[in-house]
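What follows is a set of notes on a single structure, which appears directly below.
Everything numeric in this text was worked out from a predicted model, so none of it was measured. Below, each value reflects all heavy atoms present in this structure, side chains not excepted, and no hydrogens, waters or symmetry copies. Residue numbering restarts at 1 for every chain, and letters A, B, ... go by the order of the sequence lines.
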2 protein chains.
Amino acid sequence: MNVDRERLRADLEANAEFGAIDTDEGRGRTVLTGTEANRAARRRFVDRLDAAGLDVRVDAVGNVAGRWTPDGADSDADPVAAGSHLDSVPAGGIFDGPLGAYAALEAVRAMRDAGVDLARPVEVVSFTEEEGQRFASGLLGSSVAAGERSVADALALTADDDPELALDGALDGMGFRGEGRLDASEWDAWLELHVEQSTRLESAGVPVGVVTAITGITHCEVEIRGEADHAGATPMGDRTDALAAAAEFVRDVERAATEVVASDSPTAVGTVGSLDVRPNATNVVPGAVEVGVDVRDVDRAAMEAIVSRARRSLARLERERGVETEFRRPFDLDPTPMSDRVREAAGDAGASAGIETLDCHSGAAHDTMHVASVTDAGLLFAPSEGGISHNPREWTDWDDCAAATRVLAGALADLASE
Amino acid sequence: MNVDRERLRADLEANAEFGAIDTDEGRGRTVLTGTEANRAARRRFVDRLDAAGLDVRVDAVGNVAGRWTPDGADSDADPVAAGSHLDSVPAGGIFDGPLGAYAALEAVRAMRDAGVDLARPVEVVSFTEEEGQRFASGLLGSSVAAGERSVADALALTADDDPELALDGALDGMGFRGEGRLDASEWDAWLELHVEQSTRLESAGVPVGVVTAITGITHCEVEIRGEADHAGATPMGDRTDALAAAAEFVRDVERAATEVVASDSPTAVGTVGSLDVRPNATNVVPGAVEVGVDVRDVDRAAMEAIVSRARRSLARLERERGVETEFRRPFDLDPTPMSDRVREAAGDAGASAGIETLDCHSGAAHDTMHVASVTDAGLLFAPSEGGISHNPREWTDWDDCAAATRVLAGALADLASE
C-alpha cells in the first residue's frame, strides 16, 4: 500500500491558499467558520472526496463525511472513520486540521489503489468549528456527532464578531447547512491524524506518535479582591494589594505543577494563562485581579493535586494578606484514554510499514476526545518543527506527513478488515 | 478672622451638583475638562469670585484667577495666591479640588470681612485639567503657569475620547479660552488646600496637615518577554512563561519597598499598579507581560534604592528564567520640599487660631508641585474619612473643611502682610 506524498502535498498546498495571509516567515492562513475562506476550503474538500469516488453528505451542523464502500465490503457494516477539521485559528498554520482531513482521504485513495480487502466502509470526515474561534469554545462539530451537544443548541450559537449571525445562518451562507446528524456512535472505530504541536517526536527523531491518552482539562477562574488605593498616598503597611497577592498565586500554581511533575506525573501541567487587573493604572494599588488557570494531565489524581494546592494558596492569601478570593471551576474534562484496539492497529501498521512510532500523550484537546466517548478512538501525531503551532511558522516535513498518513492508512485497513 | 462654615459648605454643595452622578453611597461627580459639567462649574466659580468683588481673568489654557486688592495694599506688589482645581476623575468625590478653590475664596471673604491689614493682593486660582482624565497626564494648567509646558503645546493636546477635539476647541466650547498666561513666578507665595486622600490626619485626630514635602514620583515601564506556548502541549520544563517571571517581579518590587520602609525611609512606596498579559488566554502560556511600576518618596535615595532593586530583579529573571526584559523610566519627578516660609505661616496660623496642625508629607501629586518650582509654595491637607478619594465615598467633615480654611486664611493673611 503506497501513500502518494506528492498527491497529499498538492492537496494540502491547495488548501493552504484559502484564507492565506501575508507573513514574513512560514505560511499562514485564517479560516474561521462561515467565512469565504472556510466556504472555499470546504468546497474543495468535497470536490476532492467526489473525485475519489466517495459519497459525500453534509449534516445539519456542517460536518462533512465522504463514505467509501470498498468492493466486497458489507455496505451495512459500521464504518471505520478518520479525519480532522479545516478551520484554523487567526493566522494559524497550514497543517493543523487539514493534515488529518486530507490524510484520511489519501489513506482511502491508497487503500483503493492497493486493492486491499476490507469488510467495512471507510468514512472521511471534517468536523465543523474545531478551533472554536468564532462560534464556540471548540470541538463543536464533534460534540454534536458524539451526542454531547444538540443540533439545535449548536445552530443557535452566535458569532463572536457578529451577535446577529447564528451558526445556522453562517452554514446556510456557505451552502453547508445539511441535514441529519453525523453520528459517531455508528462508527466501528475512529482515528485522527494531527500535528503534535509539541517537540517530543522531533526530539526523538520519530515520524509518528501514537497517542495513549488525551489529558483531562480543568479551567479555574479565580478572583482576588483587595482594596484599590492611591499608590502615592497609601503607606506600604496599609495596603491590601490584590496584584501582589495574585503574584504569589501565580508562583504557587507554577510550583505546584512543577512539584507534581517531579514526584508523581511527568505529563502534568498547570498554567496561569490570563490575568486581568482592576483598575490597572500605574498609580493605583490594584483592587481586584481575575486569574485564569489551566490544569491538565492524563492522570486525574495529579490534576486534583494541582487544583488542591491552588486552593490552599488562596486560603493562605486570605489569611496572610486579608484579600477575599473566589474560586470557580467552569470547565472540567476527564482524561481520555485512547482505545487499545486502535492503538494496536496503529502500532502494527507502523511496524509492518517499517515506520517507527512513539507512544505519547496529547496535552491538547482534539475532536477525538468527543468521539472517544461513543466508540473506539485513536489519535496519531506527526512531528511539529520546534513544536510550533497556531502560528504561520507551524511546519511538518512532507516526508513525515506521508509517513504518518501511511500509518493511518495501514491502521484503517486493519480496523476495516475486521 | 472668621471663616463662614455654612457659606463654604453652600459653595461646595452647589458645586457638587455639576456632573453629579447617581450613587448608592456618598456623593459623586464626573467633571471632565471641556464638558458641560465643567463649563457650569467654572461659570459658577467665576460668578462667586465676581460676587466677592474679585477681578477675574481667564488665561489661554483656561486657568481662572480672581484678584482681590485689599484697601491699603500695593496693587503692584506680587500677589499671594491660593486655590486648586474644579475638574474630577470619573465618579470622583465632591471635595478633591473644589475644597481648595472655594476655600481660597472663603479665605479672601474672611480676610475682607475681618478688615485685615494687607500689603499685597491675594489671588484665588483654579487650574485647568489637574486630574489629567481627558487631555493630559495631569497637573496641566499649573504646568503652563509654572512655564514647564508652553501654552501652544497645552492647547494642542487632544481628548482621549475624541482625537478631533483639542484642548483649544474644548475651552472655546465652554467659553473659557482666555488670553495670556497665568504666571506663577509672579506670585510672592502660593498655598493650596486639598483633601489628604490618606488616613494620617484622621488617625491622629488633627483637622489640618501642613505638608513638608511632596514625594518624587518615578514611573517605570517594564516588558518581560518569554515564549507563548500551548498550555496543554508544553511540558513544565520547556516553558519560558512571561507571567510566572512577572509574578516574581511584582513580589520583588513589593518586598523592595517594604524593606526600604523598614530600614531607611518610612514614607517610601513602590507599587505595581498595572499588568497586561499577551495573549492573555487561559490555555496559552503567557508570551509577554507589560508592567507599570510607581515609586515615590520624599527621599530621592530611597526611591533609587527601590528602582535599583527592581532592575536587579529583572537581571535575575533573565538569568534564571531565560526571559528577555526591557526597562524604561518615562516619568521621573524629584521630591518637592515645601517652602519653610509658607509652612511656618501655616503652622503659626493654626497656633494663633487654636487649631492643631500636623506635619506630614504628600504621596499624591498636586498642582503645588509645579508652582513650587517658581515660587515659595505650600500645601495644606484636610482629613479624608477612611482615606478614601477618587470615589463618591470621599468625605471631609464640614468642621474640618472650615478649620483648614481658617488656617489657610490665617496663613495667606500672614504672607500677604509682608
Which atoms of [X] are under 4.5 Å from chain A, going by heavy atoms: the side chain, the backbone, both sets, or neither?
X: B/Glu221; value: neither
X: B/Asp238; value: side chain
X: B/Ser362; value: neither
X: B/Arg200; value: neither
X: B/Ala281; value: backbone
X: B/Ala268; value: backbone

Contact leader toward chain B among [options], where contacts are heavy-atom pairs under 4.5 Å:
options: A/Gly270, A/Ala228, A/Gly232; result: A/Gly232
options: A/Leu275, A/Thr199, A/Val293, A/Thr267; result: A/Leu275
options: A/Asp229, A/Thr258, A/Val272, A/Val289; result: A/Val272
options: A/Ala365, A/Pro235, A/Gly363, A/Gly387; result: A/Gly363

Is chain B contacted by the side chain of [X], its backbone, both, or neither, given a heavy-atom distance below 4.5 Å?
X: A/Val269; answer: both
X: A/Ser389; answer: neither
X: A/Asp297; answer: neither
X: A/Thr215; answer: neither
X: A/Val261; answer: side chain
X: A/Arg239; answer: side chain

Kindly say whether [Y] contributes a backbone atom to a donor-acceptor pair with the side chain of [X] at under 3.5 angstrom?
X: B/Ser198; Y: A/Ala233; answer: yes
X: B/Thr271; Y: A/Val285; answer: no
X: B/Asn280; Y: A/Asp276; answer: no

Which one of B/Glu196, B/His219, B/Arg278 has the most heavy-atom pairs closer than 4.5 Å to chain A?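 Top count of heavy-atom pairs under 4.5 Å with chain A: B/His219.
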Pick from B/Gly237, B/Ser274, B/Ala244: which one has the most heavy-atom pairs with chain A under 4.5 Å?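 Among B/Gly237, B/Ser274, B/Ala244, the one with the most close pairs to chain A is B/Ser274.
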Trace of the side-chain contact (heavy atoms from CB on, under 4.5 Å) decision for B/Arg296 with A/Asn283: CA-CA 10 Å; B/Arg296 310 192 190 201; A/Asn283 59 355; 3.5 Å; yes
Nearest 0.5 angstrom please: [X] [atom1] to [Y] [atom2], how far?
X: A/Glu254; Y: B/Glu248; atom1: CD; atom2: CD; answer: 7.5 Å
X: B/Ser384; Y: A/His230; atom1: OG; atom2: NE2; answer: 10.5 Å
X: B/Leu243; Y: A/Arg251; atom1: CG; atom2: CZ; answer: 11.0 Å

Work out which heavy atom in B/Val277 is nearest to a heavy atom in A/Gly273; give both atom names and the distance.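 The answer is CG1-O, 3.8 Å.
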